[in-house]
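Shown next, in structure tokens, is the structure this report addresses.
Lettering follows sequence order; numbering is per chain, from 1.
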2 protein chains.
Amino acid sequence: MTASDKADEQRFLEEYNPKDYLSPLVTVDVAIFTLIEGRLHVLLVKRANHPERGRWALPGGFIDAGQDTTLSEAAARKLEEKTGVTAPYLEQVYTVGDNTRDPRGWSVTVLYMALMAHAPTAAFVDSVADTRWWPLADAMGQDLAFDHRQLLDAARQRLSNKTAYTVLPVHTLDAPFTLTQLQQAFEEVLGAALEKKSFRRRILSADILDEVGEAPPPGGRGRPAALFRAKAGLGEHAFVRVVGEGK
Amino acid sequence: MTASDKADEQRFLEEYNPKDYLSPLVTVDVAIFTLIEGRLHVLLVKRANHPERGRWALPGGFIDAGQDTTLSEAAARKLEEKTGVTAPYLEQVYTVGDNTRDPRGWSVTVLYMALMAHAPTAAFVDSVADTRWWPLADAMGQDLAFDHRQLLDAARQRLSNKTAYTVLPVHTLDAPFTLTQLQQAFEEVLGAALEKKSFRRRILSADILDEVGEAPPPGGRGRPAALFRAKAGLGEHAFVRVVGEGK
DNA sequence: CAAAATTAGTGGCTTTACGCCAACAATAAC
DNA sequence: GTTATTGTTGGCGTAAAGCCACTAATTTTG
């Protein structure tokens with residue numbers, strides 16, 4: 001860059017005023033999933049303000065240019081405000097933007113998906129007004145704010161697609177868990193039954209779980225199961241194909 | 001919604017002024033890949049304006065709130081402006097946003113990846129000033145504008161990851177093509193050799209190609225190969241695992 | 001306290017997919 | 001014609017996956 005170029009750029013930046021540009025509003029929304037009594041649930045918030053006041057919506061909102069330095073930080077912040085915890089798994093799904101989804105004009109939303117165990121969130125979520133876990137089918141069945149029904153559907157699809165070659169569902173369970181619970185989590189997310197022997201072979205040979213002794217029979221019948229928890233640092237990458245058809 | 005609610009909302013919308021909000025600038029960038037003489041190339045544009053004037057960058061720019069009604073439409077528009085064609089494959093990769101990547105402050109970029117055959121673009125691309133196809137390694141080797149090196153890398157990774165379970169590389173070839181060419185396209189994208197028999201077994205049993213007669217020997221040696229083209233409507237979904245290790 | 005019920009975990013056979021390599025086929029170069 | 005070169009197919013050994021029944025360790029029930 002020559003000296004005159006540098007001067008040029010300086011001038012450019014001084015003359016630049018963001019209010020001269022009509023930029024879209026940018027929001028971040030998060031589809032937070034957990035497993036409650038074996039069923040997949042999603043966290044929704046009843047909107048307190050216009051537009052769409054009174055409708056249930058995914059947690060989210062505007063970027064706070066002062067507070068947030070990164071999109072994923074913004075997503076993590078919104079998530080913690082509603083659940084009180086840091087999610088063990090947070091992933092960007094996709095971004096929608098157009099001039100029809102919000103009455104205010106061009107708007108852009110970056111959708112994230114998060115997974116977490118239910119127990120640590122239960123008390124906190126109860127304490128936040130107009131916020132609750134919904135069974136996924138019920139959430140999809142109602143008239144959500146904006147295009148959140150589509151967003152939720154996209155997140156759900158991402159989750160089940162990725163479950164074909166990762167171990168994402170572990171993040172929805174409270175540790176420690178049994179292999180049967182884990183298999184049921186996979187089955188719930190996939191909406192399909194898995195073959196027991198194959199599932200166990202693959203999960204165990206993937207070497208992503210630590211065994212933590214026997215199950216103290218919590219009122220359960222039958223032979224007590226071995227207990228496991230996810231190995232530390234299993235945050236992002238754990239590519240394991242754990243799926244077939246099976247009865 | 002009650003009547004007073006409706007009035008409320010009306011008032012809200014009338015009082016709303018986008019210039020009251022400091023929104024991030026939103027841009028769309030596209031990593032356009034093609035295969036030239038068997039090597040993967042990416043289209044870059046030399047920036048004509050500040051900031052980063054003179055550096056090579058991915059095609060892209062601001063959303064035109066007047067012209068674009070959708071993010072992907074904006075991406076398609078930028079792509080067509082530079083290549084003269086409509087890409088057979090366009091996919092959103094991910095969105096970066098923070099307050100450090102652009103000297104103007106908070107900015108958000110939605111990254112797309114596109115695949116296309118080279119031949120139909122060659123003449124047009126030549127005619128566009130400061131725009132050319134770069135061999136991928138050369139593109140990655142230089143000092144690209146903004147964080148475009150990372151964006152390009154992310155797009156490349158998405159392409160090779162997805163090639164493990166889709167047939168994306170077909171979109172980089174001029175039709176018709178031979179199975180050997182297709183295999184070489186896969187190998188170039190994956191950076192690894194594939195086993196011939198397995199590759200053919202899977203591609204053919206996937207039933208995504210139409211055979212179009214014999215190859216007119218174009219100066220080539222050896223037995224002439226059968227020619228194929230992708231079945232119509234293979235745009236998005238064609239999930240086929242076509243990869244192993246191989247010699 | 002014994003038998004039945006229930007859930008966890010394993011053995012072992014069958015089937016399928018894949019990697020590998022060699023044979024065969026069709027063309028150009030010499 | 002013979003050789004070199006590239007495309008295409010056959011067939012076999014191996015590893016993984018599906019399947020189903022059997023064993024194991026508990027609680028429940030009569």
The residue, A/Gly222 or A/Arg201, whose nearest nucleotide of DNA chain C is more 5′ is A/Gly222
Among B/Glu73, B/Glu80, B/Glu81, which residue satisfies the side chain to side chain donor-acceptor pair (under 3.5 Å) criterion with B/Arg77? B/Glu81
Rounded distance (Å) that lies between atom P of C/dC18 and atom CG of B/Leu204: 13 Å
May I ask you to test the A/Val30-A/Leu58 pair for a side-chain heavy-atom distance under 4.5 Å? no
Can a donor-acceptor pair under 3.5 Å be found between the side-chain atoms of B/Arg200 and the base atoms of D/dG7? no
Tell me the interatomic distance from A/Leu194, atom CG, to D/dA17, atom P, rounded to whole angstroms. 13 Å
Distance check needed: D/dA24 C1' versus A/Lys196 NZ, whole Å only. 12 Å
For D/dG18 and A/Arg202 - does any side-chain N or O of the residue sit under 4.0 Å from the phosphate oxygens OP1/OP2? yes
Rounded to the Å, how far apart are B/Phe199 CZ and C/dC20 P? 16 Å
Ignoring backbone atoms, test whether B/Arg221 places a side-chain nitrogen or oxygen under 4.0 Å from the OP1 or OP2 oxygen of D/dT6. yes
Tell me which nucleotide among C/dG9, C/dG11, D/dG10 gets nearest to the side chain of A/Leu179. C/dG9
Would you tell me if any nitrogen or oxygen in the side chain of A/Arg223 comes within less than 4.0 Å of OP1 or OP2 on C/dT6? no
Ring centers of B/Tyr165, A/Tyr165 separated by less than 6.0 Å: yes
When the aromatic ring centroids of A/Phe199 and A/Phe186 are compared, is their separation below 6.0 Å? yes
May I ask you to verify whether the side chain of B/Lys197 and the base of D/dG10 hold a donor-acceptor pair under 3.5 Å? yes
CD of B/Gln183 versus C1' of C/dG19: gap in Å, rounded? 13 Å
